[in-house]
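Here the structure comes first, spelled out in structure tokens, and everything after it is commentary.
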There are 2 protein chains.
Amino acid sequence: MDKVAIRKQPYNDGLGPVFGIIGGKWKAVILWELSDGAVRFGALKRRIPQISEKMLIQQLREMEADGLVHREMFHQVPPRVDYSLTRLGGSLNDALTPLCEWGKQNLQGHPVADETRD
Amino acid sequence: MDKVAIRKQPYNDGLGPVFGIIGGKWKAVILWELSDGAVRFGALKRRIPQISEKMLIQQLREMEADGLVHREMFHQVPPRVDYSLTRLGGSLNDALTPLCEWGKQNLQGHPVADETRD
DNA sequence: TCCATTTCTTACCAGAAAGTCAGTATATGA
DNA sequence: TCATATACTGACTTTCTGGTAAGAAATGGA
């Protein structure tokens with residue numbers, strides 16, 4: 001594995017490191033998709049259609065290294081790999097739900113996320 | 001003001017847009033620093049020493065546009081500008097606290113945020 | 001006159017993050 | 001023999017983010 005870029009964040013009562021761990025475009029989404037149990041790589045890909053394979057793998061690997069995600073491979077052909085949340089990943093997911101709720105309540109139809117503005 | 005880059009996020013039960021709004025290196029930190037009332041630009045700068053003026057202004061402007069932050073200028077010389085949270089910004093801050101707690105409990109001494117790894 | 005103060009703007013640049021696309025391995029079934 | 005499915009890897013390119021440095025405006029004070 002090659003050198004992973006530091007995802008550096010200013011410290012701030014714990015919030016900085018958190019964004020270091022789930023910052024970026026995909027991590028939180030992936031975490032969310034894993035919340036109801038183990039999912040195969042391919043299935044995960046289908047659940048998040050916009051992501052590229054490369055990104056999905058890259059993010060999963062980083063999350064695995066950070067102890068959020070568990071990876072289990074079955075030696076079959078064609079190969080099968082299941083991803084699931086660790087206890088830590090699950091707890092992070094829990095900590096994320098208020099934020100998710102906030103989004104649902106306050107960001108419906110908000111221009112951010114699908115438009116450009118001046 | 002020039003075209004602001006879209007901060008595009010994949011939709012996911014509200015979580016995508018949320019990261020569109022507080023994603024990036026500084027927003028959450030700024031939000032946090034505003035939690036105990038209005039702060040002058042200069043004071044904010046001193047509270048977050050690592051941030052550059054350009055970034056601070058840029059992020060504040062985006063947060064203002066997103067309705068998270070209120071900007072009040074006093075016509076004095078030298079100029080004085082106060083920033084404070086809107087109700088929306090405050091509620092986002094609240095939604096952020098579990099995440100912050102999670103970070104404090106689970107990320108103490110974690111390599112992310114101040115190191116490089118392989 | 002010249003300097004300091006404060007908030008902000010602009011131009012430019014480096015590096016990081018994310019995207020595209022082609023390729024690899026292996027057993028199975030047609 | 002050949003295509004298929006699956007989970008990846010690597011090279012390359014594009015887009016985005018963040019950083020530095022310089023300067024503008026306006027007034028009061030040395």
Side-chain angles (χ1 to χ4, degrees), chain A residues 1-10 16 19-30 38-64 69 71-84 112-113 116-118, chain B residues 1-10 16 19-30 38-65 69 71-83 112-113 115-117:
Chain A
M1 201 177 192
D2 45 18
K3 208 82 167 178
V4 168
I6 29 167
R7 304 192 300 288
K8 204 177 285 183
Q9 288 290 134
F19 278 79
I21 268 196
I22 38 144
K25 196 169 173 179
W26 298 111
K27 298 243 174 96
V29 176
I30 294 171
V39 186
R40 285 190 71 160
F41 177 81
L44 203 46
K45 211 177 70 182
R46 281 187 292 278
R47 288 200 197 179
I48 315 174
Q50 310 101 314
I51 200 172
S52 67
E53 291 193 351
K54 181 203 160 196
M55 272 298 124
L56 183 52
I57 289 163
Q58 199 177 95
Q59 305 301 302
L60 282 168
R61 287 283 152 86
E62 290 185 12
M63 292 165 86
E64 196 193 353
V69 158
R71 176 174 184 270
E72 184 166 14
M73 50 180 315
F74 303 84
H75 295 282
Q76 310 174 350
V77 168
R80 167 179 174 188
V81 181
D82 279 12
Y83 290 92
S84 55
V112 165
T116 302
R117 52 156 208 248
D118 306 42
Chain B
M1 201 178 194
D2 46 18
K3 210 80 166 177
V4 168
I6 30 168
R7 305 193 299 290
K8 205 177 287 184
Q9 288 292 134
F19 277 81
I21 267 195
I22 39 145
K25 196 169 173 179
W26 299 112
K27 298 244 174 95
V29 176
I30 295 171
V39 186
R40 283 190 71 160
F41 177 81
L44 203 48
K45 210 176 71 183
R46 281 186 293 277
R47 288 200 197 179
I48 315 173
Q50 310 102 313
I51 200 173
S52 67
E53 290 193 349
K54 179 201 161 194
M55 272 298 123
L56 183 52
I57 289 163
Q58 199 177 94
Q59 305 302 301
L60 283 168
R61 286 284 153 85
E62 289 184 15
M63 292 165 86
E64 197 193 352
V69 159
R71 177 173 183 268
E72 183 165 14
M73 49 180 316
F74 303 83
H75 294 282
Q76 309 174 350
V77 168
R80 167 180 173 187
V81 182
D82 280 11
Y83 291 92
V112 166
E115 278 179 31
T116 304
R117 51 157 210 247

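A note on names: the letters A, B, ... follow the listed sequences, proteins ahead of strands, and every chain is numbered from 1.
Proximity of Val81(A) to Phe74(A): side-chain heavy atoms (C-beta onward) are nowhere separated by under 4.5 Å. Counting heavy atoms from C-beta on, the side chains of Lys27(B) and Ile21(B) never come closer than 4.5 Å. Between Ile22(A) and Phe19(B), the closest side-chain pair of non-hydrogen atoms falls below 4.5 Å.
The side chain of Gln59(B) lies closest to dG18(D) when the candidates are dG18(D), dT20(D), dC8(D). Nearest to the side-chain atoms of Pro79(B) among the listed nucleotides dT7(C), dG19(D), dT20(C) stands dT7(C). Nearest to the side-chain atoms of Val77(B) among the listed nucleotides dA26(D), dG19(D), dC8(D) stands dA26(D). Here the side chain of Arg71(B) is nearest to one of dC8(C), dA11(C), dG19(C), namely dC8(C). Of the candidate nucleotides dG10(D), dC8(C), dC8(D), dC8(D) has the atom nearest to the side chain of Arg61(A). The side chain of Lys54(A) lies closest to dC21(C), out of dG19(D), dC21(C), dC8(C). Among the nucleotides dC8(C), dT20(C), dA18(C), the one closest to any side-chain atom of Trp26(A) is dA18(C).
Note on Gln76(A): nothing from the nucleic acid sits closer than 4.0 angstrom, heavy atoms only. At the heavy-atom level, Tyr83(A) lies under 4.0 Å from the strands shown only through sugar-phosphate atoms.
Between the P atom of dA17(C) and the CD atom of Gln50(A) lies a distance of 21 Å, rounded to the nearest Å. For the pair Leu56(B) CG and dG19(D) C1', the interatomic distance rounds to 14 Å; values are reported in whole Å. Look at CZ on Phe19(A): it is 16 Å from C1' on dT17(D), rounded to the nearest Å. Separating the CZ atom of Arg46(A) from the P atom of dA5(D) is a distance of 11 Å, rounded to the nearest angstrom. In this structure, Gln58(A) places its CD atom 14 Å from P of dT20(C), rounding to the nearest Å. Between the CE atom of Met55(B) and the P atom of dT20(D) there is a distance of 10 Å, rounded to whole Å. Rounding to whole angstrom units, CG of residue Asp82(A) and P of dA7(D) are separated by 9 Å. Between Phe74(B) atom CZ and dT5(C) atom C1' there is a gap of 18 Å when expressed in whole angstrom units.
Of all the heavy atoms in Arg80(A) and Asp82(A), the pair that sits closest is NH2-OD2, 3.0 Å.
Applying the 4.0 Å criterion to OP1 and OP2 of dT6(D), one finds that Arg40(A) has every side-chain N and O outside that range. Checking the phosphate oxygens (OP1, OP2) of dA16(C), no side-chain nitrogen or oxygen of Lys25(B) falls inside 4.0 Å.
Toward the 5′ end of DNA chain D lies the nearest nucleotide of Arg80(A), the other residue of the pair Ile51(B) and Arg80(A) mapping further downstream.
Rounding to the nearest 0.5 angstrom, the gap separating the CG atom in Leu60(A) from the CZ atom in Phe41(A) is 7.0 Å.
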